[in-house]
Visitor: 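Sharing a structure, written as structure tokens. Questions coming.
Letters go in sequence order (proteins before strands), and every chain restarts at 1. Source: prediction; values computed, not measured.
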Amino acid sequence: MEKKYDPSSFEDRLYAEWEESGCFKAVRDDNKVPFTIVMPPPNITGQLHMGHAMDETLQDVIIRFKRMQGYCALWLPGTDHASIATEVKIVEEMKRENLTKEQLGREGFLKRAWQWKEKYENRICTQIKKLGSSCDWSRLTFTMDEKCSRAVREVFVNLYNKHLIYRGNRIINWCPKCRTTLSDVEVEYAEEDGNLWHIRYFVEGTDEALVVATTRPETMFGDTGVAVNPADPRYKGYIGKNVILPVSGKAIPVVGDEHADMEFGTGVVKITPAHDPNDFEVGLRHGLPVLRVMNDDGTMNAEAGKYEGLDRYECRKRLLKELEEGGYLVKTAPHRHNVGHCYRCNATVEPIISRQWFVKMAPLARPAIAAVTDKKVTFIPERFAKTYYNWMENVKDWCISRQLWWGHRIPVWYCSSCGAEICEKDDPDVCPVCGSAEIRQDEDVLDTWFSSALWPFSTLGYPDDTSDLEYFYPTDVLVTGYDIIFFWVSRMIFSGLEHMRKVPFHDVLMHGLVRDEKGRKMSKSLGNGVDPLKVIEKYGADSLRFSLLQGVAPGNDTRYSDAKVEACSNFMNKIWNASRFVITNAEGNAVKPISEVRLSAADKWIVSRLQSVIRDVTLTLNKFELGVACQILYDFTWSDLCDWYIELSKPALYGGDAAKKEAALSTLVFVLDNTLRLLHPFVPFITDEIYRSLPGAEGTIMLKEFPRYNSKLAYKKDAAAFAGVMDVIREVRAVKAEVGCAPSKKVSLYIVTENKRLISANEDCILKLAGAKEIKFISEASEAGEKTVTKVLHCGTVYIPMGELVDADKERERLQGELENVTAEIRRADGKLNNQGFMSKAPKKLVDEERAKLEKYLAMREKILAQLKNL
RNA sequence: GGGGGCAUAGCUCAGUUGGUCAGAGCGCUUGCUUGACAUGCAAGAGGUCACAGGUUCAAGUCCCGUUGUUCCCACCA
């Protein structure tokens, strides 16, 4: 082993080795139980960020754990074409070259997009590899691959035939900048300061006027009515009359509709059916015409008269001026309201009437809700099920058509001869109704999430009945961020149920966002993003992984900080050096299995501790509590193994007793081996690198068995007894530090104990670790002489002659303090034992424990009191 | 308007069936070239677990309320 821990010297080499030797490949094996994770496919828009790093790390820990446990573990990787996001990026790139989509044409643009895909998919995959992800690269899938496209086609046609996909005129969210529709979830709302403009609409043929309040005055050209509440005494009389639209001079009717809120604004609301979802409904109820006044790019159309061609905001500005000059503008009230923005380009979204494709959600949502109530799908943590229900129960039809080029083109053709709409699994050449060759395909593509929704089964071969699909589906756990429940998780659930008749996964492990040091979201605009690759370069992938896992609870956000990575890097260094200690000591020695050596008390203690750790880590990992598992391993490795056991093993290693040395070496190697295996899912590189130097090790650790709890190695009694020895060591150290005795100064220990065997069997350890030169067993305090400091412990009383360092007053004070502590414990235990409720209702085990404690403390009090008397 | 989350040591956070749970990392104090590691070792200081009630023999841990903070959903023109 190299003396210094240098992750950059082995991480890439190990990954290449793993990949080349096929360690990541999952092939159906009917002698094994499958365990499947499909990777949430990163977008090919850019590069890995910390959120990805966390997502991949969580999945890798789980899949490595399961693989070591003997499952046929498949982690299926892939990337997402990310229709709108990618198209936006490519258009931006083209803009820098003074190119437009129109100039390239659809085919030219797609060619360019595929080039983009090659470049960025490679980049993303390289980055995922850097993290150590053990996914099966032979199965790498792209959402626009042939197989995914077939799945999309199959699903679309099936839903179409079941009338669950339909085309209709509805108010949709329109992004004027991307020039496409957006689904409801793709709109992000943000509070903005705006105005509520009050505008006077004169009643036809009179001098009277109704005053409407609006936040979007430019849409008034599309007003086809004005609504008042039928119960509103102020306006009841106007229902049925007409008002005259200012500027255009058009007469529109006043209708009575509950939609008009008497409390809000003036109580009169203009009705613009083509540009507002509520108005659309009102329009339907009253038979009002639907009049679009805006073009796809956010400019006004001919309906706006002289404002035609102006951008919506420029039109607003000029129109308001005209209204003011014409005396129509009554007032301008500041108004804070929520405005929808495009989740990709952040432009203000316009609700616009448009003919689009929709998925009918109600029939799909019902079984999807049931799957979660029936626990066929479990959210971790559970609370996210609520979020899911809330959305699913109120879900609206899903607008799936996008006016983009990059994506799955809608598989519908229109016949221009007979007007037929053709939707079939194979591309038609002629119209199946009239035989005309004059057919053309729908220009639009599908929402990118349409193909993502099929991911758990499209990647495994759907629509064919593949062996993989039969074996690996349903997948086991989906690991993803809570921000994506609506976009993706819920859609996979209803899609899996609809097309596979089975849930896509059993568990959904949610994680939070990785925020910056100050708790802010990492974002481009803030420039506070941290590049995982830079961190890996500096500290290694293992340190980054561990830092993303440690102290993280499922579903909770976490903060990234260099300091945390550094702390984890220190831990890696610790693992490295401890291993180096074990391996160099083992060199040249034939290390026997621990079953063939005679273990010392210390040996049994660490083996016992290891068993608890194996049990707890397995338990927590099975519950997906990776953060807790990390902490258990961290504490065990650093405190128990390094700070305690390695130090305890030194007297045996260097003491000259061959049998003891043999036992200690066996124990060290055994415990290190197990610890490395336990740690491997979390920190795969360092553990494998060290493992290769371990005596008797062969091949890679990633294919070795995950440690199993062995009750024969639990040594519960031995371990409990040894805790008494550790107690002596700890307390002697504390006393020495307290009285200012130099650590290098060896003290004598006079001990009164009924457990001489325990102490003398571990004499060498006590001497070395406590910094003592001798232990003498005595029967009375007086034998220790004067000027001693006393420590009353569970397993005996230790007297330490300290000569001039001892101050009688201080010693009395110290003992008095200890007496108080012990007395408090006695009071507590006594109180419990005298509590009828506790005695009758608490488990017997607890009562017994409390009783034993009380006895111990009572004995200790006696000894302290006696000592105080002696002073 | 509806629904969540969070509130624990100076800072960042764990603490999942109520009973050694009052913890970790970083920071701080004191002392150490202790035959793997100063990326270290040892010993310490530091919290009435937001506030007020309730359930229970027993509550950071369950219930109710309050305050602060934060997120999601819906949305009034």
Side-chain angles (χ1 to χ4, degrees), chain A residues 1 3-5 184-185 189 196-197 212-216 219 227 259-261 263-272 276-279 282 335 337-338 340 380-384 386-387 389-391 394 482-483 485-486 512-513 517 519 547 550-559 561 563-564 566-585 620 623 625 627-628 630-631 634-635 638-639 642-643 646-647 650 653-654 730 733-738 740-744 768-769 771 825 832 835-843 845-846 849-850 853:
Chain A
M1 271 179 82
K3 190 161 182 189
K4 206 167 166 334
Y5 167 59
D184 292 341
V185 288
Y189 289 87
L196 195 56
W197 287 281
V212 304
T214 181
T215 54
R216 293 188 299 158
T219 63
H259 168 63
D261 181 349
E263 307 292 318
F264 187 88
T266 58
V268 184
V269 55
K270 63 197 260 315
I271 302 300
T272 324
D276 183 281
N278 291 309
D279 292 6
V282 175
H335 180 59
H337 62 146
N338 258 347
I380 300 146
E382 256 176 301
R383 67 181 128 94
F384 288 107
K386 274 193 185 174
T387 312
Y389 290 136
N390 185 43
W391 187 75
N394 300 300
Y482 60 68
D483 52 336
I485 293 177
F486 309 135
L513 268 40
E517 243 159 329
S547 77
Q550 205 187 21
V552 173
N556 282 10
D557 288 354
T558 179
R559 294 188 194 197
S561 78
K564 208 189 272 182
E566 207 167 314
C568 292
S569 169
N570 290 348
F571 180 51
M572 296 308 121
N573 187 59
K574 193 75 182 172
I575 296 171
W576 187 264
N577 282 302
S579 303
R580 211 155 52 79
F581 172 83
V582 174
I583 288 163
T584 48
N585 274 290
T620 47
K623 289 193 281 181
E625 293 166 8
V628 179
C630 272
Q631 197 56 47
Y634 182 96
D635 291 343
W638 203 309
S639 309
C642 293
D643 290 344
I646 284 186
E647 294 309 318
K650 284 177 181 173
L653 291 180
Y654 308 135
R730 223 183 330 249
R733 281 171 174 173
V735 164
K736 284 179 72 177
E738 204 174 336
C741 171
S744 52
K768 170 139 176 62
L769 270 66
E825 286 299 319
K832 276 197 166 180
N835 181 327
Q836 276 303 25
F838 179 78
M839 294 304 284
S840 58
K841 291 186 179 169
K845 194 183 158 201
L846 268 174
E849 272 175 27
E850 214 53 56
K853 258 189 244 175

Visitor: Does the A:Arg733 side chain pair with the main chain of A:Leu769, one donor and one acceptor, at a distance under 3.5 Å?
Guide: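 At least one qualifying donor-acceptor pair exists.
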
Visitor: Answer with base, sugar-phosphate or nothing: what part of the nucleic acid does A:Asp643 contact at a heavy-atom distance below 4.0 Å?
Guide: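 Here A:Asp643 touches the backbone only, sparing every base.
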
Visitor: Quote, to the nearest angstrom, the C1' distance that separates B:U30 from B:C62.
Guide: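 Here B:U30 and B:C62 have their C1' atoms 43 Å from each other.
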
Visitor: Which two nucleotides bound the region of RNA chain B that has atoms under 4.0 Å from heavy atoms of chain A, read 5' to 3'?
Guide: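 First and last nucleotides in contact are B:G4 to B:A77.
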
Visitor: My understanding is that only residues two or more places apart in sequence, or in another chain, count here; which of them pass ring pair (Phe, Tyr, Trp, His ring centres under 6.0 Å) with A:Trp197?
Guide: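 Result, ring pair (Phe, Tyr, Trp, His ring centres under 6.0 Å) vs A:Trp197: none returned.
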
Visitor: Using the P atom in both, what is the distance from B:G4 to B:C49, to the nearest Å?
Guide: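 It comes out at 26 Å once rounded to the nearest Å.
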
Visitor: If the C1' atom of B:G25 is compared with that of B:U8, how far apart are they to the nearest Å?
Guide: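 Each nucleotide's C1' atom is 15 Å from the other's.
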
Visitor: More 5' along RNA chain B: A:Glu647 or A:Gly627, using each one's nearest nucleotide?
Guide: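 Comparing both residues, the 5'-ward one is A:Gly627.
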
Visitor: Checking all strands, does A:Ile271 fall into the base, sugar-phosphate, or nothing category for heavy-atom contacts under 4.0 angstrom?
Guide: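 Nothing: the residue A:Ile271, judged by heavy atoms under 4.0 Å, touches no strand.
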
Visitor: Looking across every strand, which nucleic acid part, if any, lies under 4.0 Å from A:Ala227 by heavy atom: base, sugar-phosphate, or nothing?
Guide: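 No contact at all - A:Ala227 keeps every heavy atom at 4.0 Å or more from the nucleic acid.
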
Visitor: Identify whether the glycosidic angle of B:G65 places it syn (within 90° of 0) or anti.
Guide: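 Here the answer is anti: the torsion falls beyond 90° from 0.
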
Visitor: Given the P atoms of B:A9 and B:U61, what is the spacing between them in whole Å?
Guide: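 Pairwise P distance, B:A9 against B:U61, rounds to 15 Å.
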
Visitor: Using the ring pair (Phe, Tyr, Trp, His ring centres under 6.0 Å) criterion, which residues pair with A:Phe264? Sequence neighbours excluded.
Guide: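 If we apply the ring pair (Phe, Tyr, Trp, His ring centres under 6.0 Å) test to A:Phe264, skipping adjacent residues, the hits are A:His335.
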
Visitor: With rounding to whole Å, what would you report as the distance between B:A58 and B:U12 at their C1' atoms?
Guide: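 Each nucleotide's C1' atom is 32 Å from the other's.
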
Visitor: If you assign each of A:Tyr654 and A:Tyr5 to its closest nucleotide in RNA chain B, which residue comes earlier from the 5' end?
Guide: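 Between the two, 5'-proximity favours A:Tyr654.
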
Visitor: Taking the P atom of each, how far is B:A43 from B:A59, in whole Å?
Guide: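 Each nucleotide's P atom is 33 Å from the other's.
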
Visitor: When both hydrogen-bonding distances must be under 3.5 Å and the geometry is Watson-Crick or G-U wobble, what is B:A42 paired with, if anything?
Guide: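 Pairing partner: B:U30.
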
Visitor: Please name the nucleotide paired to B:G1 by Watson-Crick or G-U wobble geometry with both distances under 3.5 Å, or report none.
Guide: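 When the pairing criteria are applied, B:C73 turns out to be the nucleotide that pairs with B:G1.
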
Visitor: Side-chain donor-acceptor pair under 3.5 Å between A:Asp635 and A:Gln631, yes or no?
Guide: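 Judged by distance alone, the side chains do pair up.
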
Visitor: Under 3.5 Å, is there a donor on one side chain and an acceptor on the other for A:Asp557 and A:Tyr482?
Guide: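 A donor-acceptor contact under 3.5 Å links the two side chains.
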
Visitor: Could you tell me which nucleotide pairs with B:G68 by Watson-Crick or G-U wobble geometry, both distances under 3.5 Å, or answer none if nothing does?
Guide: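 Matched B:G68 with B:C6 under the 3.5 Å cut-off.
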
Visitor: Classify A:Arg216 by what it touches in the nucleic acid, base, sugar-phosphate, or nothing, heavy-atom distance under 4.0 Å.
Guide: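 No contact.
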
Visitor: With sugar-phosphate meaning primed atoms plus P, OP1 and OP2, does A:Lys832 contact a base, only sugar-phosphate, or nothing at under 4.0 Å between heavy atoms?
Guide: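 Contact class for A:Lys832: none.
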
Visitor: Please confirm whether the backbone N or O of A:Asn573 pairs with a side-chain atom of A:Asn577, one donor and one acceptor, at under 3.5 Å?
Guide: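 Confirmed, A:Asn577 side chain pairs with A:Asn573 backbone.
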
Visitor: Got a sec, which residues hit ring pair (Phe, Tyr, Trp, His ring centres under 6.0 Å) with A:Phe571, two or more places apart in sequence or on another chain?
Guide: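 For A:Phe571 the ring pair (Phe, Tyr, Trp, His ring centres under 6.0 Å) partners, ignoring immediate neighbours, are A:Phe546, A:Tyr634.
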
Visitor: Name the nucleic acid region contacted by A:Tyr634, choosing base, sugar-phosphate or nothing; use a 4.0 angstrom heavy-atom cut-off, strictly under.
Guide: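 Counting heavy atoms under 4.0 Å across all strands, the contact made by A:Tyr634 is with sugar-phosphate only.
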
Visitor: What's A:Asp279 touching, base or sugar-phosphate or nothing? Going by heavy atoms closer than 4.0 Å.
Guide: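 Since no nucleic acid heavy atom lies under 4.0 Å of A:Asp279, the category is nothing.
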
Visitor: Using a 4.0 Å heavy-atom cut-off, does A:Tyr189 contact any base of the nucleic acid, only the sugar-phosphate backbone, or nothing at all?
Guide: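 It contacts base atoms.
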
Visitor: What contact category does A:Asn278 fall into here, base, sugar-phosphate, or nothing, at under 4.0 angstrom with non-hydrogen atoms?
Guide: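 Sugar-phosphate contact only - A:Asn278 comes under 4.0 Å of backbone atoms but never of a base.
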
Visitor: Students often get this wrong, so: under 4.0 angstrom with heavy atoms, is A:Pro554 touching a base, only sugar-phosphate, or nothing?
Guide: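 It contacts nothing in the nucleic acid.
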
Visitor: Roughly how many Å apart are B:A22 and B:A36, using the P atom of each and rounding to a whole number?
Guide: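 B:A36 and B:A22 have their P atoms separated by 36 Å.
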
Visitor: Identify, with sequence neighbours excluded, every residue that meets side chain to side chain donor-acceptor pair (under 3.5 Å) alongside A:Asp261.
Guide: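 Residues passing side chain to side chain donor-acceptor pair (under 3.5 Å) with A:Asp261: none at all.
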
Visitor: Considering every strand and a 4.0 Å limit on heavy-atom distances, what is the contact class for A:Lys841: base, sugar-phosphate, or nothing?
Guide: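 If one applies the 4.0 Å heavy-atom cut-off, A:Lys841 turns out to touch a base.
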
Visitor: Give one of base, sugar-phosphate or nothing for A:Asn835, where a contact means two heavy atoms less than 4.0 Å apart.
Guide: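 A:Asn835: backbone/sugar contact only, no base atoms under 4.0 Å.
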
Visitor: Across the strands shown, which category fits A:Gly267 at heavy-atom distances under 4.0 angstrom: base, sugar-phosphate, nothing?
Guide: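 Counting heavy atoms under 4.0 Å across all strands, the contact made by A:Gly267 includes a base.
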
Visitor: Can you tell me the Watson-Crick or wobble partner of B:U20, both distances under 3.5 angstrom?
Guide: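 Result: none.
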
Visitor: Is the backbone N or O of A:Asn390 less than 3.5 Å from a side-chain atom of A:Asn394, with the two atoms forming a donor-acceptor pair by type?
Guide: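 Checked: pair present.
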
Visitor: Sticking with atom C1', work out how far B:U29 lies from B:A45, rounded to a whole angstrom.
Guide: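 It works out to 7 Å between them.
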
Visitor: For B:C62, give its Watson-Crick or G-U wobble partner with both distances under 3.5 Å, or none.
Guide: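 Checking every strand shown, B:C62 finds its partner in B:G54, with both distances under 3.5 Å.
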
Visitor: How would you list, by chain and number, every residue that makes a ring pair (Phe, Tyr, Trp, His ring centres under 6.0 Å) with A:Phe838, sequence neighbours excluded?
Guide: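 A:Phe838: no ring pair (Phe, Tyr, Trp, His ring centres under 6.0 Å) contacts found.
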
Visitor: Counting only Watson-Crick pairs (N1-N3 plus N6-O4 or O6-N4) and G-U wobbles (N1-O2, O6-N3), all under 3.5 Å, who is the partner of B:U48?
Guide: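 In the structure as shown, B:U48 has no Watson-Crick or wobble partner.
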
Visitor: For A:Lys4, report the nucleic acid contact type (base, sugar-phosphate, nothing); a contact means any heavy atom under 4.0 Å.
Guide: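 Result for A:Lys4 = base.
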
